[in-house]
Amino acid sequence: MSAGDLAAVLVAVGVFAALVVLLYAAQSLLRAMRDLRASVELLHRETVPLLEELRGTVREAGAEVERVDQLLEAAESIAATVDSASRLGYLVFRAPLIRFVAFFKGLGRFARRLVRRPSARGARRSRSRTGRDHRRAA
């Protein structure tokens with residue numbers, strides 16, 4: 001065998017080895033692609049219903065938020081109405097109530113003065129004055 005033949009055989013063996021390696025790599029790549037395709041299909045089958053369910057949940061949550069917003073608006077309206085009514089009640093009843101209380105307080109003073117005896121008032125005054133004078137002298 002000549003050197004040229006030996007080189008041709010070595011190149012042929014090298015090309016064959018490279019071809020075997022490339023075929024093995026291509027087969028591994030195809031197997032990985034099939035597995036990836038199966039995983040993507042499984043993911044698609046599982047996520048599409050979940051996304052639909054999520055959309056439904058988001059719609060329900062949006063409706064609930066709208067409902068809560070309406071309730072808050074109603075509560076604010078009620079609070080404003082109660083606040084206005086309490087102010088109005090305060091303004092309407094303040095003066096008559098003060099007069100009513102003052103009237104009955106004056107009536108009570110008048111009744112106490114009527115109940116007291118004139119002689120008892122004089123005796124109290126004289127005792128309290130003598131008690132004061134006696135203390136000052138001592």
Side-chain angles (χ1 to χ4, degrees):
M1 244 196 224
S2 70
D5 290 338
L6 184 61
V9 170
L10 287 177
V11 168
V13 170
V15 168
F16 182 73
L19 185 63
V20 168
V21 169
L22 282 175
L23 286 175
Y24 180 74
Q27 185 182 13
S28 295
L29 185 61
L30 285 173
R31 194 176 318 124
M33 291 296 287
R34 284 185 200 122
D35 290 344
L36 181 62
R37 182 177 293 141
S39 297
V40 167
E41 286 178 11
L42 178 65
L43 182 67
H44 185 265
R45 273 184 273 149
E46 290 180 0
T47 56
V48 168
L50 288 175
L51 287 175
E52 290 298 322
E53 189 176 324
L54 181 63
R55 284 183 188 136
T57 303
V58 167
R59 275 189 232 112
E60 288 175 12
E64 290 297 319
V65 166
E66 292 242 350
R67 202 170 129 238
V68 168
D69 190 38
Q70 290 172 354
L71 288 173
L72 285 175
E73 288 175 4
E76 288 173 356
S77 173
I78 291 170
T81 303
V82 168
D83 187 41
S84 298
S86 67
R87 281 190 193 137
L88 181 64
Y90 174 75
L91 293 174
V92 167
F93 292 113
R94 178 182 58 179
L97 187 61
I98 291 172
R99 289 182 186 133
F100 181 76
V101 169
F103 174 76
F104 278 102
K105 190 171 184 175
L107 192 63
R109 284 183 185 168
F110 175 72
R112 271 185 263 132
R113 285 186 183 172
L114 280 180
V115 170
R116 284 190 202 160
R117 295 182 189 148
S119 60
R121 265 190 277 166
R124 283 188 198 153
R125 286 187 186 163
S126 64
R127 271 189 266 149
S128 63
R129 286 189 186 150
T130 48
R132 279 191 225 144
D133 292 339
H134 180 49
R135 287 184 200 143
R136 286 186 191 162

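Note that the structure is predicted; figures quoted are calculated from it, not measured.
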[atom1]-[atom2] distance between [X] and [Y], expressed to the nearest 0.5 angstrom:
X: Glu52; Y: Thr57; atom1: CD; atom2: OG1; result: 11.0 Å
X: Asp83; Y: Glu76; atom1: CG; atom2: CD; result: 13.0 Å
X: Leu23; Y: Gln27; atom1: CG; atom2: CD; result: 8.5 Å
X: Leu10; Y: Asp5; atom1: CG; atom2: CG; result: 11.0 Å
X: Ile78; Y: Leu71; atom1: CD1; atom2: CG; result: 9.5 Å
X: Thr81; Y: Leu88; atom1: OG1; atom2: CG; result: 12.0 Å

4.5 Å side-chain heavy-atom contact, Ser39 and Leu42: no

ILVMFWY cluster, Phe103 and Phe100 together (side-chain gap under 4.5 Å): yes

Carboxylate-amine/guanidinium proximity below 4.0 Å for Arg31 and Asp35: no

